[in-house]
Structures are given as C-alpha cells and as structure tokens.
Amino acid sequence: MVRITRNVGGIEGLHLATDCFNEEVERRIFTSIDESGYRSGKRTWGGQPTGLIRWPHDWPEDYIKLTNLIRDCGLLLDYVPPDYCLRLMYPPKAGFQLHHDSQYRWGEVIVGINLGQEGEIMFTPDKPDDAFDHAAFTSEFASKAAGVGKSMRIKLPRRSIYVMSGPSRYVYKHGIAQQKPTQAPPSWNKLNMRKSLTFRSTKVFSDVYLERQLKKAEVDDNNTTKRMEWQSRKEAQDKYKPRGNKAEVAQERGKATMLLNMMDSGIIPSQLRFARSEVSFDLPPGVVAQQQQQQQRGFHGYSGGRFGTFGIGGGDGKNLAAALIAATAAFQGEGRQLGSSSISGEGGDDDMQLAMNASLRTLAEERAERSEKRKRQRGGDEGASEEEASLKKRSEGAAGIGTCGGVIDLVGEDEEEEEVDKKNGGESSDVIVIHE
C-alpha cells in the first residue's frame, strides 16, 4: 500500500511516497545500467558512461514508467513530464553539499527516486527569518536537533519517491547527508551503493509544455477552473526567464516542441506503465484501458534505450523506427550537464558541480586538519596522505572532475558533517495520505 506524506517535517511542498513498487522493480531499475564494474575514480563502469541520461529516448523503459507512477499513485497530479534524468551512485560515507536548483534552468519540481539503500536528505533555510523552530523535532521520516540553524533531516527509505516543489525547492537549500547505511543491502547490491535518480524538466521544455496545456484548456470552454490553474502556473514560471540569448532559447524551444511531438505521437512511448502486480495501488481506470489498447495494437515499448516491436499504424514498425532515428538525431550530444553552464556569475547557486567540488574540498580540508592534529599528537612530520592530495586536486579541477562520472565519491571518516552556517486528490483505497 502506498503511503504519501505531505509537507514532510513541516516543509511546505516536500512530499514523500513510500512502498510504491515491489523489490523486483527496484532490482531491475538498480541494475538496468551495469554497476558491477565500478571502481573508485573511474568515469565509466563496464564501458558504459555514467551520470547524465538526458533525453527520454535514451532511458530504460522503467524510467518512463516511474514518471507515470508519480501521477498515477496520487503523489503529484498534472506533473510536467521530465526531459532530464540524472543518475548518481552514493557509496558509503558519500554526501552532497547543500545547494539550490535554479529556477532559471529547471521547471516547477524536482523528483527523486531512492534505490538499493536508505538515504537522508537535509534542508536548511537560506534566511534567518525562514529558520526552523529552535525546538527539536521528530516524526516518522523527519528529525531536527534542538538549536539555532539546525537542518531538517528527511529519511529516504528504499523504493521511496520524494517531490520538491514550492518553498521546499526555493526557500531551502538541500543536500545529501553522509551515507551511513544501517541496514544490510539486498543481495543484488553487492557494493552497498545507493542509487539516486532525479527527474526534472528543463526550463524551456517546461515552458513549452505549460503553454500547450493552457491552449488545450482554452479550447475547453467548460473547464474554467483547469484553465485558470494552467494560467496561474504559467505566470509563476514566466517570472524566471530561461538562460541564453534569443537564438539559443529559440533553438531549445524547437527541440522541446519536437520532443513533445514525439511523446504525443508515441514515437517515444510516454504512456508506459508498470503492471498492476508490480505496484502497490490500483491503476486509474483510464490507464488500464490504455494498456489493453496497446497490447491489442502490438506495442511492446523499448528496452535499455532501444525501441522494440511496434504495431502502431498498421504494424509499420520500420517506418516508425526510421522516423525515430531521424527525429532524435537533433538531440544527440545536446544539453548542458548539471553545473557546467557557460554563463558565469549569474545563478551560481545552481552549480551542482561546484557543490560536489565544495564537498570534496571540505572533506580534504577536514582530513588535512585531522592529519595535522595526529602529527602534533605523535610529534611526527609526515606530509599529507596521497589520498588527501588526490581529493584536493579533484576538488579544484574543472567541471566534471570529482564526480567520478556520476559517482559522488566522497569516502570520508565516520562522523557527522558540520551544519552549514548560515494539492492532493485522486488517491485510491490503496493510498494513505498523511499531512505533517
């Protein structure tokens, strides 16, 4: 049974769903890209590039099913479909420094999927006026120590899905606490890693999608409420103009339009869902009817980023596959990776690469301090360890260095990190909703 907790820890806009799908789905997603060849510091595992999997036509089919599950279980209705996915692996003792995801680069929400091992995400307000109450706080999934400037810590169980929207996304910085597993990993997670998938819509893609939905609602004269909702969302997003000059934005809008057309036409199978036996709730009636139609038409989706058998439009699979190749050619190699913006100065709070480098740098500094302390205690004069020097070098490198190709490889000592200085509806009987 799905459990949805709204405003976890009293943080408005932070929602958490647990027990949405079964362990077999978790295993399949966790192993959909081979992790068995992982070696610390390497940018590929088993010859496969890690980290960025931007375009939906490159996603394993379970990724698309996850994006639909977010709607179907009632966690997030009217969800702007993501066009961007970032996959990160957290070994034990890894963490991610507090940061913002820019409103100028990303759409309304950030959605995270937690697999393979439990995790913990931290939230800290930017301004003193938004600070949490000084008293200690504890609930099933949230906790905060007593005192000024303490972070709210949110537990992320295996197979959980969290949504950051509204104040949880804009008022608070978020980061990943040092990975300290307390439970044994499943047998298929031999390296005791935590896999994180974050789905988001890029700003231009989100803008084009909202414009389309508003136009559709304007045609329907009988649904004034829905039209007003889309209008309000569009106006809120219009306050944040996407990065780039007019030509760059126009080019991105063209790609976003093409991608949405591919989703609408079925070239990208954006309606894929998990089977009822794989999820813990009843699928909406319309979804069940849609699945039956797809089976009758012979559509089998795709696997591992490659489309399978098509029976759409009279079974002309070859023509559809050719159309897919032609349509997706424009997307190959496109898109900025997180934190690698060519624009300097403006919006540096979104630079996730800097966050990773800062995490590495902080860890290196802490290690150097402990090393100096040990030397003073022993009266020795040995230099910093090779590992400390490596950390420092990686933390000072250019964008892309220090990420280990998608692995946040911050293996540190077992101690607490320092605190940084400063609508609900459509739930079935298989969904429990809790408000904190």
Side-chain angles (χ1 to χ4, degrees), residues 13-15 17 51-60 63-72 75-88 99-113 161-166 168-170 174 196-217 229-244 248-264 267-272 328 330-331 334-341 347 349-350 352 423:
L14 177 64
H15 311 311
L52 178 68
I53 314 177
R54 176 169 186 182
W55 299 106
H57 61 72
D58 288 330
W59 296 352
Y63 285 27
I64 292 180
K65 293 178 181 179
L66 281 173
T67 65
N68 286 315
L69 180 146
I70 293 162
R71 295 190 194 89
D72 294 343
L75 176 60
L76 189 63
L77 304 178
D78 289 332
Y79 174 37
V80 175
D83 64 323
Y84 200 109
C85 177
L86 183 71
R87 174 181 136 270
L88 295 173
H99 65 281
H100 278 301
D101 294 302
S102 174
Q103 293 168 270
Y104 298 93
R105 192 174 296 166
W106 308 111
E108 295 174 307
V109 302
I110 306 294
V111 176
I113 319 290
I161 303 174
Y162 65 89
V163 170
M164 292 190 296
S165 62
S168 70
R169 172 141 149 57
Y170 309 137
H174 63 278
S196 167
L197 301 177
T198 57
F199 291 103
R200 60 189 77 200
S201 58
T202 53
K203 185 63 172 69
V204 173
F205 181 86
S206 175
D207 288 349
V208 173
Y209 179 84
L210 292 175
E211 291 167 9
R212 282 192 173 200
Q213 296 305 113
L214 178 58
K215 288 181 179 179
K216 290 178 182 178
E229 288 179 0
W230 287 116
Q231 181 67 43
S232 177
R233 289 172 64 178
K234 180 181 180 300
E235 290 176 354
Q237 289 299 300
D238 284 346
K239 296 177 183 178
Y240 306 97
K241 301 302 180 184
R243 300 290 177 77
E248 291 171 335
V249 172
Q251 185 180 38
E252 288 296 315
R253 287 183 63 87
K255 293 174 183 176
T257 299
M258 184 183 296
L259 188 59
L260 285 167
N261 288 342
M262 291 163 65
M263 291 177 172
D264 290 344
I267 291 178
I268 292 178
S270 58
Q271 299 303 317
L272 289 174
T328 59
F331 296 100
E334 294 291 338
R336 297 188 182 110
Q337 293 202 24
L338 293 173
S340 62
S341 171
D349 61 353
D350 181 54
M352 294 181 70
K423 263 188 197 189

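The model shown is predicted, which means the values in this text are computed figures rather than measured ones.
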Nearest atoms (heavy-atom pairs only) where Trp59 meets Pro82: CH2-O, 3.6 Å
Hey, what's the ring geometry for Tyr209 with Phe205, parallel, tilted or perpendicular (30° and 60° as the breaks)? parallel
Would you confirm whether Ser232, through its side chain, and Glu229, through its main-chain N or O, come within 3.5 Å as a donor-acceptor pair? no
Is there a salt bridge (charged side-chain N to carboxylate O under 4.0 Å, His left out) between Arg212 and Asp264 once you walk through the steps? CA-CA 12 Å; Arg212 282 192 173 200; Asp264 290 344; 3.0 Å; yes
Shortest non-hydrogen contact from Thr198 to Ser196? CG2-OG, 3.9 Å
Which distance, rounded to the nearest 0.5 Å, do you find between the CG of Asp207 and the NZ of Lys234? 7.5 Å
Can you check whether Thr202's main-chain N or O pairs, donor with acceptor, with Asp83's side chain at less than 3.5 Å? yes
Taking C-beta and beyond as the side chain, do Asp78 and Arg233 meet within less than 4.5 Å on heavy atoms? yes
Apply salt bridge (Lys or Arg N to Asp or Glu O under 4.0 Å) to Lys241 and list each qualifying residue two or more places apart in sequence or on a separate chain. none
Measure the CD1-CD1 distance between Ile70 and Ile113 for me, rounded to the nearest 0.5 Å. 4.5 Å
Return the minimal non-hydrogen interatomic distance between Val208 and Ala256, and the atom names on each side. CG2-CB, 4.1 Å
Begin with the C-alpha distance, continue with both residues' side-chain angles, and end with the deciding distance and a verdict on side chain to side chain contact (heavy atoms under 4.5 Å, CB included) for Tyr162 and Leu75. CA-CA 9 Å; Tyr162 65 89; Leu75 176 60; over 6 Å; no
What heavy-atom pair brings Arg243 and Tyr104 nearest, and what distance separates the two atoms? NE-CB, 3.5 Å
Side-chain donor or acceptor of Arg169 paired with backbone N/O of Glu108 under 3.5 Å: yes
How close do Ser270 and Met263 get, counting heavy atoms only, and between which atoms? OG-O, 3.2 Å
Measure the CG-CG distance between Leu272 and Leu66 for me, rounded to the nearest 0.5 Å. 11.5 Å
Taking every heavy atom of Gln237 against every heavy atom of Trp106, the minimum-distance pair comes out as OE1-O, 4.4 Å
Take Leu210 and Asp238 through the side chain to side chain contact (heavy atoms under 4.5 Å, CB included) test and state the conclusion after the steps. CA-CA 10 Å; Leu210 292 175; Asp238 284 346; over 6 Å; no
Leu259 side chain reached by Lys255 side chain, heavy atoms, under 4.5 Å: no
Taking only residues two or more places apart in sequence, or in another chain, which ones meet Tyr170 in a ring-ring contact (aromatic ring centres under 6.0 Å, His included)? none
Short side-chain to backbone donor-acceptor contact, Arg71 and Tyr79, under 3.5 Å: yes
Determine whether a donor-acceptor pair (N or O, by modelled atom type, separation under 3.5 Å) exists between the side chain of Ser201 and the backbone of Pro81. no
Interatomic spacing from OG1 in Thr257 to CE in Met262 - rounded to 0.5 Å: 12.5 Å
Report the C-alpha distance between Ile161 and Leu69 in whole Å, list the side-chain angles of each, state the deciding distance to 0.1 Å, and finish with yes or no for side chain to side chain contact (heavy atoms under 4.5 Å, CB included). CA-CA 10 Å; Ile161 303 174; Leu69 180 146; 3.5 Å; yes
Test side chain to side chain contact (heavy atoms under 4.5 Å, CB included) applied to Met164 and Asp101, step by step: CA-CA 10 Å; Met164 292 190 296; Asp101 294 302; 4.2 Å; yes
Judged by atom type as modelled, is there a donor-acceptor pair below 3.5 Å linking the side chain of Ser168 to the main-chain atoms of Ser165? yes
